[in-house]
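Beneath this line is the structure, given in structure tokens, with notes to follow.
For clarity, every value in this text was computed on a predicted model and none was experimentally measured. We're numbering straight along the sequence, starting at 1.
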Amino acid sequence: MGSAFRVGAAACWAKTAEVDHDISRDGSHYSLASGIMLPSLGAKSNRNLKVSGRFIISPHDRRYRVWKIFLIVLVIYTAWVSPFEFGFLRIATGALAITDNVVNFFFAIDIILTFFVAYLNPKTHDFVNDHKDIALKYLKSWFLLDVISTIPSELARKALPGKLSNYGFFSLLRLWRLRRVSALFARLEKNRDYSYFWVRCAKLVSVTLFAVHCAGCFYYLLADRYKIPEKTWIGSSMPNFHNETLGLRYVTSMYWSITTLTTVGYGDLHAENTGEKIFDIIYMLFNLGLTAYLIGNMTNLVVHSTNRTRKFRDTIHAAMSFAMRNNLPVRLQDQMLSHLTLKFRTVSEGLQQQETLDALPKAIRSSISHHLFFHLVQNAYLFKNVSNDLLFQLVAEMRAEYFAPREDIILQNEAPTDFYIVVTGNLDLIDHSRETERIVKAAKNGDLVGEIGVLCYKPQLFTVRTRTLSQLLRLDRTSFLNLIQSNVVEGTVIISNLLQHLKEESDSDPTIDSLLKEIENMVTRGRLDLPLTLTFAATREDVKLLQKLLNRNMDPNECDCNNHTPLHIAASKGNEQCARLLLQHGADPNCRDDDGKGPLGEAIFGSHESVAQLLFYNGATLSAEDNAFYTRVATEHNNKGLLESIIKYGGDVTAKFDDGDTALHKAVCNGNIELVEFLLDNKCDMDLSNNHGWTPRQLADQQSHEEIKSIFEARNKQITIVENTEIVPGLITRYRSEPAMRQVQMEDNSATVSPRKMNLNNSVFRVLSLANSNIKGTGMASTFDKEKVSRSGPRVTISCPQKGKCAGKLVLLPESIEELLKLGEMKFGFAPTRVLTIDGAEIDDVAVIRDGDQLVLAGSDELLTENVTHG
């Protein structure tokens with residue numbers, strides 16, 4: 001075969017169902033012998049597969065296994081000499097006695113070593129390394145028999161009574177060691193390098209010879225101890241048999257035993273006395289039962305119990321013949337044999353795990369898979385932040401498989417049909433694009449292999465080869481895509497995880513970098529089989545992909561699991577292009593997520609001014625949840641700019657929070673003087689109580705904020721109760737019972753407020769209007785009328801030549817040329833670069849624009865071709 005399979009006595013298996021399979025490559029040995037235990041399904045049982053501890057010996061240690069083989073040789077010697085000494089020798093002397101004591105000495109050493117050898121717990125399949133547990137197990141099992149069988153014969157004769165000391169009964173206890181020979185034959189039967197037929201024949205011959213030997217020794221003992229030697233089976237033909245050589249007597253005894261066993265006697269040797277006749281009867285009955293037992297059970301065992309072994313050997317033989325006939329490379333031959341051997345091991349060791357799962361109902365099978373694999377799948381990078389519902393469905397579709405060392409799992413450039421998660425073991429990702437193999441990276445527990453080919457439906461990038469015995473979870477592409485199609489939002493999370501992972505890997509590998517660009521291009525063009533969502537495109541800020549998906553009539557208000565819409569995401573990221581595109585396709589500017597937050601609040605909180613203005617111009621408002629949350633955050637972090645933005649876009653900084661506090665309460669507690677003045681300027685009440693009855697003024701006094709107390713006292717002195725039509729200087733009020741509304745001073749010291757900086761319902765303009773209707777005879781109404789236009793801000797007419805004469809729009813003048821251009825882009829769907837007068841003069845500053853002016857928005861090379869009238 002060309003493969004190096006090394007099987008020796010030291011590699012015999014510790015279990016009946018284990019098969020040696022050593023593969024050598026470049027001096028490195030990969031073994032599937034008993035020294036490597038198959039990991040538990042899903043590696044969830046935390047099995048202790050390693051032997052640790054001081055003075056602890058592994059039962060699979062090569063030196064200890066050689067020692068066990070040496071003891072088996074000594075057991076064969078014991079099996080012959082114990083019955084021989086019992087039947088033919090009264091006392092062993094000379095070299096035989098010395099040899100017996102040497103053998104006993106070696107077995108005594110083995111008794112001592114057994115107290116330091118870890119053993120496999122039959123229930124948990126863990127190696128037990130504790131000295132106390134090892135000692136207790138040995139003491140409760142065969143320790144006593146091992147000790148008795150090791151006691152020297154000389155010592156036993158002194159300890160036994162007089163009559164018993166003349167017999168070698170004690171030495172027969174050494175036959176207890178024969179259990180080691182039985183285990184040896186069981187292991188050899190499973191070793192494919194030895195003929196199964198001849199191993200079985202050797203076992204049968206050994207059992208027969210041992211039975212003949214023991215029967216002959218015992219039968220001679222009856223004649224040797226009989227009081228009248230001539231009245232014995234051997235004495236009738238050999239009157240002075242005691243004077244004959246030991247060898248002749250032994251051969252005669254074996255002759256009688258074998259003829260009796262095979263039922264061809266009695267012609268020359270037969271029973272002469274009653275004792276011999278009784279022994280013959282017992283022996284013949286034993287032969288009858290033994291023969292029936294051997295024939296019946298061996299037939300049953302060979303046909304049924306060994307059927308699996310025979311099929312395995314036939315399969316191996318067929319695979320070897322196929323490989324040789326087709327001149328397959330050595331590496332492929334090794335992989336074939338490794339896989340077949342491992343498959344046999346999983347069956348012979350009772351690890352028919354997938355068959356067991358398939359026999360169970362789906363609910364139980366899913367629960368078991370969830371228990372074994374859920375944690376592993378959840379921690380895989382591809383499934384991070386994926387819902388538990390989808391993970392549960394994925395786990396139920398996965399199958400655990402074992403792979404031998406040096407076995408190819410995925411081939412480079414093959415069609416993507418499956419991907420794998422590594423449970424245990426180590427794998428190599430190999431690139432064959434060059435003349436020589438190049439290991440790109442190594443995969444360990446929890447890593448994925450083959451996922452890029454499956455997700456992007458492109459040929460597999462690398463060959464995946466096991467380095468050690470590995471357990472993998474396999475998920476086929478069809479099942480995976482079926483689940484993703486029914487969980488569209490989760491599919492986008494998986495794609496995001498893949499791209500993020502490739503981005504992290506691309507820093508160290510140029511190949512991954514080019515792959516990342518290719519996959520991003522595929523995503524942008526929508527060429528993936530996985531479903532893409534608008535939220536995915538918005539998260540990646542991919543305007544082209546977003547445009548393509550919107551052109552497919554996808555719902556611009558689609559939500560993820562938290563009811564975040566694409567507009568929420570675009571606003572939080574400050575992507576004005578994505579936000580404008582979504583609004584043009586009908587996205588709701590006031591959509592709310594599960595926390596009640598809207599896109600405008602996300603834009604304000606992220607300080608994305610351009611996006612916030614875009615949303616505000618399209619009718620977005622701050623929700624009560626947005627207002628309370630961001631006001632609290634701004635106050636707790638002393639963020640005056642955020643409070644200004646909240647007020648600018650119609651928010652109310654005077655509202656109470658859930659705990660009854662207001663922004664002013666928080667500012668006082670923080671001791672922020674600037675923020676306190678700002679909130680007072682924006683109508684926050686310093687005498688409003690919270691849920692505990694504390695007002696901001698009381699908090700300032702209780703916490704000894706002297707400067708804040710001074711501010712409160714100064715503000716309190718400015719408040720004058722207005723009787724009838726009396727107006728407090730510097731303040732404008734409607735009724736005595738209403739709070740005073742402070743005027744907002746502009747740069748020119750005129751009392752005016754931009755409509756985009758305050759809510760009109762609560763603005764100065766509304767108060768002035770109401771106050772004006774109630775003030776009579778004061779002479780102030782005319783003043784208010786004169787200033788009404790300046791307080792409401794200049795109004796101008798903007799138009800676009802490309803849209804014709806009917807395209808004029810009457811709007812409030814923004815604060816800058818840039819905002820005016822953005823406003824025009826939103827109104828006309830055209831990106832202007834210049835602002836012109838109706839006569840064609842270019843305007844660079846809004847300060848030169850007056851109320852009622854007509855403005856033309858044009859591109860960089862566009863000429864004014866016609867005048868535009870008022871809208």
Quick one, T463 with E437, criterion side chain to side chain contact (heavy atoms under 4.5 Å, CB included). Give me CA distance, side-chain angles, the key distance, then yes/no. CA-CA 10 Å; T463 293; E437 294 183 353; over 6 Å; no

What's the verdict on side chain to side chain contact (heavy atoms under 4.5 Å, CB included) for E401 and I409, showing C-alpha distance, side-chain angles and the deciding distance? CA-CA 11 Å; E401 296 180 353; I409 302 173; over 6 Å; no

Yes or no on side chain to side chain contact (heavy atoms under 4.5 Å, CB included) for I134 and F116, after CA distance, side-chain angles and deciding distance? CA-CA 7 Å; I134 295 172; F116 299 93; over 6 Å; no

Applying side chain to side chain contact (heavy atoms under 4.5 Å, CB included) to F373 and I421, what does each step give before you reach the verdict? CA-CA 10 Å; F373 306 133; I421 301 178; over 6 Å; no

Any chance you could lay out the ring pair (Phe, Tyr, Trp, His ring centres under 6.0 Å) test for Y250 and F84, step after step, and finish with the verdict? CA-CA 9 Å; Y250 178 73; F84 179 79; 5.7 Å; yes

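Counting heavy atoms from C-beta outward, S366 and H370 have side chains that stay 4.5 Å or more apart. Between T114 and D146 the shortest side-chain heavy-atom distance does not fall below 4.5 Å. For the pair L175 and F86, the minimum side-chain heavy-atom distance is 4.5 Å or more. Residues D334 and R406 fail the side-chain proximity criterion, which asks for heavy atoms closer than 4.5 Å. Looking at V181 and K203, their side chains never come closer than 4.5 Å, going by heavy atoms from C-beta outward. Between V464 and Y420 there is no side-chain heavy-atom pair separated by less than 4.5 Å. Under the 4.5 Å side-chain criterion, counting only non-hydrogen atoms from C-beta, Y219 is not in contact with Y283. When side chains are defined from C-beta on, M398 counts as touching V377, because their heavy atoms get closer than 4.5 Å.
How far CG of N327 is from CG of L332: 12.0 Å, rounded to the nearest 0.5 Å. To the nearest 0.5 Å, atom CZ of residue F107 and atom CD1 of residue I109 are 11.0 Å apart. Between the CD atom in E407 and the CG atom in L337 there is a gap of 11.0 Å [rounded to 0.5 Å]. Note that CE of M336 is 6.5 Å distant from CG of L340, once rounded to the nearest 0.5 Å. Rounding to the nearest 0.5 Å places OG1 of T468 at 13.0 Å from CZ of F403. Note: L427 CG to F462 CZ = 14.0 Å, rounded to the nearest 0.5 Å.
The nearest pair of heavy atoms linking P59 to Y64 is O-CD2, 3.8 Å. Nearest heavy atom pair, residue A396 against residue S369, reads CA-CB, 4.4 Å. Closest approach of C214 to P83, counting heavy atoms only: SG-CG, 3.7 Å. Here the closest non-hydrogen pair linking A400 and Q471 is CB-OE1, 3.9 Å. Contact detail for N104 and P152: the closest heavy-atom pair is ND2-CA, 4.1 Å. Between V422 and A443 the shortest heavy-atom distance is CG2-CB, 4.4 Å.
The number of heavy-atom neighbours closer than 6.0 Å to NE2 of H432, taken from other residues, nucleotides and ligands shown, is above 12. The local environment of OH in Y255 is sparse, with at most 12 non-hydrogen atoms from other residues, nucleotides or ligands closer than 6.0 Å. For OH of Y381, the number of neighbouring non-hydrogen atoms (other residues, nucleotides, ligands) closer than 6.0 Å is greater than 12. For Y77, the OH atom is densely surrounded, since the number of other residues' heavy atoms within 6.0 Å is greater than 12.
Salt bridge status for D110 with R180: present, with a side-chain N to carboxylate O gap under 4.0 Å. Residues D428 and R467 are paired through a salt bridge, judged by an N-O separation under 4.0 Å between the basic side chain and the carboxylate.
In this structure, the side chain of D447 engages the main chain of K444 through a donor-acceptor pair within 3.5 Å. D130 places a side-chain N or O within 3.5 Å of a backbone atom of D133 that can act as its donor or acceptor partner. S257 contributes a side-chain N or O that, together with a main-chain N or O of V212, makes up a donor-acceptor pair within less than 3.5 Å. The backbone N or O of D431 lies less than 3.5 Å from no partner atom in the side chain of Q412, so there is not a single donor-acceptor pair. Judged purely by atom type and a 3.5 angstrom limit, S253 has no side-chain atom pairing as donor or acceptor with the backbone of C217. Looking at S82, its side chain never comes within 3.5 Å of a backbone N or O of A79 through a donor-acceptor pair. With D61 contributing its side chain and R63 its backbone, the two residues share a donor-acceptor pair below 3.5 Å.
Checked against the 6.0 Å centroid threshold, F115 and H131 do not count as a close aromatic pair.
The aromatic rings of H213 and W80 lie parallel to each other, their planes meeting at an angle below 30°, with 60° marking the opposite boundary.
In this structure, R249 fails the cation-pi test against Y220, since its NZ or CZ atom is not both closer than 6.0 Å to the six-membered ring centre and inside 45 degrees of the ring normal.
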